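Report on the following structure.
As the structure is a prediction and not an experimental result, all values here were calculated from the model. Each ligand, and each atom within it, is numbered from 1 in the order the structure gives.
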Amino acid sequence: MSQEEPKDFIRQIISDDIASGKHDGQVVTRFPPEPNGFLHVGHAKSICLNFGVAEENSGKTYLRFDDTNPGKESEEYVAAIKEDVRWLGFDWEDRLTHASDYFDQLFESAIRLIEMGKAYVDSLSADEIRDYRGTLTEPGKESPHRSRAIAENLDLFERMQAGEFDDGEHVLRAKIDMASPNMNMRDPTLYRIRKIPHQNTGGKWNIYPMYDFAHGLSDAFEGITHSLCTLEFEDHRPLYDWFLDQLVPDHRPRQIEFSRLNLAYALTSKRKLNALVEGGVVTGWDDPRLATLAGMRRRGYPPAALRDFIGRIGVTKKENLIEMGVLENSIRENLGDAAERRMAVIHPLKVVLTNYPEGETDQMTAQNHPARPELGTRELPFGRELFIERDDFMEDAPRKFFRLKPGGEVRLRFAYIIRCDDVIKNDAGEVIELHCSYDPDTRSGSGSSDRKVKGTIHWVSAEHALEAEVRLYDRLFTVPDPGSEEDIMEHLNPDSLEIAEARLEPSLAGETEAVQFERVGYFCPDAKDHSAGKPVFNRIVTLRDSWAKIEKQALSDS
Ligand code: ATP
Ligand code: MG
């Protein structure tokens, strides 16, 4: 970040802390995902922020798996999260940790709290604990077990871990204040019995720490200086501080909350994403219609564009719903510059050049990028039979239609001007072929004729074209904020995926990068399904913002 750019409030706090010598001027952050699903675009905000502020201040960032919920978590998710963070461009070096790495220390910390008289084993049922907790307007009631003797608490807690009790028989709770206006301070649970093996620690533990207890202490154990999290943790901060005051008073990481990123027409909840995956609504966590990092990677979003987007939306405490167009503009800007141009016809219509010699092939020279001559040119085969885009022909065209119409002329990009002489239809009256003639004096770049026509269209040679599956994605939901709907399944867009049988210029067989299909959009070979023998391309984004139109439509509909 350059000096002149205004800082967000978190970066400002960190600068001030460095200036005042707090934490000896160190910056240590962490990104703490729970491995219970794949990461989504919201996590990208947290990743860019945590790794970003550390990088900017020569600090360090931990990737810490918050794995305190065995049963819901898995190694598959751990591996996916690591891949996603790396793909986004960040490196935790040797700072890969797990809350479970600290289970011994957390257990000892719990024992210390018991010894201090600040934690007790409660034997109320889960329902009773809920009832005793009170409400926002009524204070809670103290559990009859709250006054258990320290020795009895120690004995019960050890036996909870030894496996002598069943799930739910006892919990360990902090002894804070059952009348606190902050519900989180009403003797929160520290440990519960869960007799299931853990993906990291196997069968060693019969009890597992709660997130709030594990989180702040893990921060302290790692020497985190700034613990950046989303706003829903604001009410947990007094508890975060309470644990540290009791147990690690000499190191005080500072928790700072910021607002979550919500993206219009996308889901940013692992639980809801999981429902789509489990329900078979999408092909997997990496379905290109999902705003998961794996989905966006497969879709072809450049990680730099995603980082740029996160930078543009900034970091505040305001709730927000960011329009998809903002993300797509970052993508278009990135690819507009980076992606080479290619020719592809998505919905092909056959064109026969009746005055072109049969069996002959020519090579046209095409620029790879209109603004970057250093990217060079390539050869495009040209012949008597071509494909053009169905939309580029109109039989009853309005006067201002400058593409192909009966009797009209158009330029084939990098080739010749052609005229449409005949329209061939099938029995159903559908146009299946155009008979055209080309003007040999109008070859692009030859200078033999400077005749001009208003329209230029793209094409591929029928004989040489690759037949490809092209996947055209649209928004997955029909409502801008699917996460707020009771049943997301009722708001699925039935047209979120169109599969087109496209024709591509032959050079695309071996393509590995994102490219622009001229006049159509940005596309990339599908990482799983594409091969030279059976090309499969994903549409990354259209050339223009089609979302603006959708947003307007949604507004006028409502
Ligand atoms: P989910 O509801 O998707 O499960 P979560 O908050 O439970 O999200 P975690 O794995 O606990 O997911 O999140 C890891 C970190 O990412 C947390 O610090 C969390 O605050 C942050 N985070 C999660 N969602 C968002 C979001 N939409 N915007 C910004 N940060 C987020
Ligand atoms: Mg969580």
Practice task
With the side chain counted from C-beta on, respond yes when Tyr208 and Thr68 share a heavy-atom pair under 4.5 Å apart, and no when they do not.
Solution key: no

Exercise for the section: Report yes if Glu34 has an N/O atom closer than 3.5 Å to an N/O atom of ligand 1; otherwise report no. Expected result: yes

Handout entry: Verdict with reasoning, His198 to Phe103, per ring-ring contact (aromatic ring centres under 6.0 Å, His included)
Key = CA-CA 11 Å; His198 184 281; Phe103 279 177; 5.5 Å; yes

Practice task
For the pair Gln105 (side chain) and Tyr102 (backbone), establish whether a donor and an acceptor sit closer than 3.5 Å, ignoring hydrogens and angles.
Solution key: no

Exercise for the section: Decide whether an N or O pair under 3.5 Å exists between Lys270 and ligand 1. Expected result: yes

Exercise for the section: Only heavy atoms count here, so choose which of Val315, Thr230, Leu231 is nearest to atom 30 (N) of ligand 1. Expected result: Thr230

Handout entry: Closest to atom 2 (O) of ligand 1 among His40, Glu257, Arg260 (heavy-atom distance)
Key = Arg260

Exercise for the section: Run the numbers for me: atoms of ligand 1, each under 4.0 Å from some heavy atom of Pro32, listed by number. Expected result: 14 (C), 18 (O)

Handout entry: His43 N/O to ligand 1 N/O under 3.5 Å
Key = yes

Practice task
Please indicate whether any nitrogen or oxygen in Leu261 is less than 3.5 Å from any nitrogen or oxygen in ligand 1.
Solution key: yes

Handout entry: Note, Val282 side chain near Val277 side chain (heavy atom, < 4.5 Å)
Key = yes

Problem - Side chain to side chain, Arg30 and Cys229, heavy atoms closer than 4.5 Å - result: yes

Handout entry: Sub-4.0 Å atoms of ligand 1 with respect to non-hydrogen atoms of Pro33
Key = 10 (O), 14 (C)

Problem - Atom indices of ligand 1, in the order listed, that fall short of 4.0 Å to a heavy atom of Ser269 - result: 2 (O), 3 (O)

Practice task
For the residue pair Asn50 and Ser46, confirm or rule out a side-chain donor-acceptor distance under 3.5 Å.
Solution key: yes

Handout entry: Nearest heavy-atom neighbours spanning His215 and Ser227
Key = NE2-OG, 3.7 Å

Problem - Polar atom proximity, Gly42 to ligand 1 (N or O, under 3.5 Å) - result: yes

